[in-house]
Amino acid sequence: MNRRYRLDTMHIDSQVLETIVQTASDHFFIVDGAGRVLDVSPGAAAVYGMSREALKAATVQELEAQGVLKPSISLEVLRTGRPAQLMQVTGTGRRVIAEGHPVEVNGRIERIVSRSRDLTDLQLLQDEYALLQRRFSEHLKRSHVGPSEDGDLEADLDTLQVRSRVMREVALLLKRVAPADATVLMLGESGVGKTAFARQLHRWSRRSEGPFVEVNCGAIPDNLFESEMFGYQPGAFSGAARQGKAGLLEQAEGGTLFLDEIGELPMTMQTKLLKVIQDGTLTRLGDTRSRRVDFRLVVATNKALAEKVEEGTFRLDLYYRVNVIPVTLPPLRDRREDIPGLVEQCLDGLNCRYGRKKLLHSSVWSELMGRDWPGNVRELENWLERAWLSSVGDLIDAPASHADHRLMQVEDGEADWSESSSFMLGHRETLPDYLGRVERGVLDDLCQRMSSTYAIAERLGISQPSVVRKLRRHGLVINKSS
């Protein structure tokens, strides 16, 4: 009886799988570990220019060599051992987006299940995006900022140190879209102030009483990303907290979730995030119950997401979901009118932090206003802190190159500790403050010259997670152009 039931169940499961393949709007390939095509959905013939029987009689190696698959997603999965997504050009000249997933048994890839979607099938999604953009433009034309709101806006602009016309326009745009829950995509070079403007958008929104949860997608190790973002149930994995944990998505309930550097989001997490955006639900790691979540999504990147879509490292459907209201923050070199206010604000913060009242020498302003600041506001702040720390008296007149030179000497082990004022205790400075200052200086220098946290960890002889924590504590990020 049990054996008969198992056989019937296997037959039903086989029929279910066949029905999925036969009726799917996506084009499925099922390939074995050697690259042989085991099954193909019927609709694939029109896209790939070969009959279903001919495709099933071939290997993906042969199909790639013949130009039917350019390139083969299944071969990419076999090569890397991981799920993959890429853009394909088929033998019929169509451009499709394909993704593949390995099926492993005892650590060995036995099958690859891939599906592809003709980009013309995404026309509805593109039309939806265009409709949202039109509605948003119409909303801007109808809306206006009243007298009382205008006064509030000026106060907020003073806080953000906005003086330039172009940044005032950016702020006004954010002020107008703040009451809606539409997703905002902030674009701009590293260090232009995307986080500060995301926080201001949150303060202007109807969710201002809720939490503002900031996530740097490039700072969380891949193996911890799912548990950190989605949370987990008790006993979900070894070392999990006994009471479980709510993930960052749940922690943003009723507020704003800010995903910085979303271009660094792992592909598997892109798929899960897309589902959360579409359904408004998530499932914790180790749980079978879905939970409702309600937050406003704001994302930021210094990468060209459209290029990452072309490279196959960012999902096209997620790109359209997050690119509802794109807002570009210009680099500091294109809005030099903002520099004096930013310098004043930063200098006030440094004087408060270190218990001094230092002033800038007038000769420093030509340096500040004349530089291009490739690291933008963040580089300006780091420059000022180095100049502040390296100046002996209460007048800051040392050029940044002097401070940079001292930090380079620390890296090379050549610093003259007895003569360099950077390495003397400041007025009212405690030992922990002093050690923190030296640590920040060394890390800041390495961030300018090294390309990854792994390289910094190797240079310092500490673990990569320790480097990530230290950079986060000091508010530092790696200069991607290095």
Side-chain angles (χ1 to χ4, degrees), residues 156-174 184-201 216 218 260-264 298-308 326-350 360-388 390 396-405 407-408 444-451 471 474-482:
D156 293 330
L157 293 182
D158 286 340
T159 302
L160 293 169
Q161 295 302 325
V162 169
R163 297 289 182 272
S164 61
R165 181 185 59 80
V166 63
M167 289 303 287
R168 290 179 65 88
E169 291 178 355
V170 168
L172 183 59
L173 171 62
L174 292 176
V184 174
L185 169 61
M186 292 195 173
L187 304 165
E189 297 177 4
S190 179
V192 293
K194 296 186 287 291
T195 301
F197 277 85
R199 287 185 179 276
Q200 186 60 57
L201 176 66
N216 188 326
D260 196 11
E261 303 303 343
I262 192 173
E264 304 298 325
V298 180
V299 302
T301 180
N302 61 2
K303 303 287 182 65
L305 288 186
E307 293 180 7
K308 293 183 74 68
V327 178
T328 301
L329 275 66
L332 192 56
R333 60 184 173 274
D334 292 339
R335 49 184 176 100
R336 297 179 188 272
E337 308 97 302
D338 294 333
I339 292 177
L342 292 168
V343 169
E344 181 182 351
Q345 185 181 60
C346 181
L347 190 59
D348 287 344
L350 290 169
L360 282 176
H361 192 279
S362 58
S363 62
V364 178
W365 281 105
S366 60
E367 173 82 7
L368 292 172
M369 299 301 292
R371 295 185 65 163
D372 281 342
W373 303 110
N376 295 291
V377 179
R378 188 179 296 117
E379 183 186 358
L380 174 65
E381 293 172 344
N382 291 342
W383 189 99
L384 286 167
E385 183 164 13
R386 288 195 292 270
W388 196 103
S390 63
I396 302 173
D397 59 359
S401 57
H402 292 180
D404 290 338
H405 179 62
L407 291 178
M408 290 290 287
D444 181 41
D445 175 58
L446 293 178
C447 282
Q448 303 301 318
R449 300 188 296 109
M450 292 190 170
S451 60
L471 295 183
H474 291 297
L476 298 172
V477 295
I478 292 174
N479 185 356
K480 298 294 185 179
S481 63
S482 60

So [Y] and [X], do their side chains get closer than 4.5 Å, heavy atoms only?
X	Y	value
Leu185	Val298	no
Val477	Ser190	yes
Arg371	Arg333	no
Val192	Phe197	no
Trp365	Pro340	yes
His361	Val364	yes
Val184	Leu201	yes
Leu384	Val343	yes

Legend entry - Crowding at CD, Glu307 (>12 non-hydrogen neighbours, <6.0 Å):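 Check fails, neighbour count at 12 or below.
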
Restricting to non-hydrogen atoms, name the atom on [X] and the atom on [Y] that form the minimum distance, rounded to 0.1 Å.
X	Y	result
Thr301	Lys194	O-CE, 3.9 Å
Ala387	Ser390	O-OG, 3.2 Å
Gly191	Asn376	O-CB, 3.3 Å
Pro330	Met167	CD-SD, 3.4 Å
Gly263	Leu305	CA-CD2, 3.9 Å
Ser164	Arg335	OG-CB, 3.5 Å

Inset, instruction - Report the residues that fulfil salt bridge (charged side-chain N to carboxylate O under 4.0 Å, His left out) with Asp372, sequence neighbours left out, ordered by chain and then residue number. - result: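 Partners of Asp372 by the salt bridge (charged side-chain N to carboxylate O under 4.0 Å, His left out) criterion, ordered by chain and then number, come out as Arg336.
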
With rounding to the nearest 0.5 Å, note down the distance linking [atom1] in [X] to [atom2] in [Y].
X	Y	atom1	atom2	answer
Arg165	Glu337	CZ	CD	9.0 Å
Ile339	Leu380	CD1	CG	6.5 Å
Met186	Ile262	CE	CD1	13.0 Å
Glu381	Leu342	CD	CG	7.5 Å
Leu360	Ile396	CG	CD1	5.0 Å
Leu187	Thr328	CG	OG1	4.5 Å

Inset, instruction - Would you confirm whether Trp373, through its side chain, and Leu368, through its main-chain N or O, come within 3.5 Å as a donor-acceptor pair? - result: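 It does hold such a pair.
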
Inset, instruction - For the pair Val327 and Leu173, evaluate side-chain contact (heavy atoms from CB on, under 4.5 Å) and give the outcome as yes or no after the intermediate values. - result: CA-CA 8 Å; Val327 178; Leu173 171 62; 3.8 Å; yes

Legend entry - Asn302 side chain to Glu189 side chain, donor-acceptor N/O pair below 3.5 angstrom: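 Side-chain D/A pair, Asn302 to Glu189: absent.
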
Legend entry - Polar contact flag, side-chain donor to acceptor under 3.5 angstrom, Asn382-Asp444: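 Looking only at side-chain atoms, Asp444 and Asn382 do form a donor-acceptor pair, the distance falling under 3.5 Å.
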
Inset, instruction - Take Glu264 and Lys303 through the salt bridge (Lys or Arg N to Asp or Glu O under 4.0 Å) test and state the conclusion after the steps. - result: CA-CA 9 Å; Glu264 304 298 325; Lys303 303 287 182 65; 2.5 Å; yes

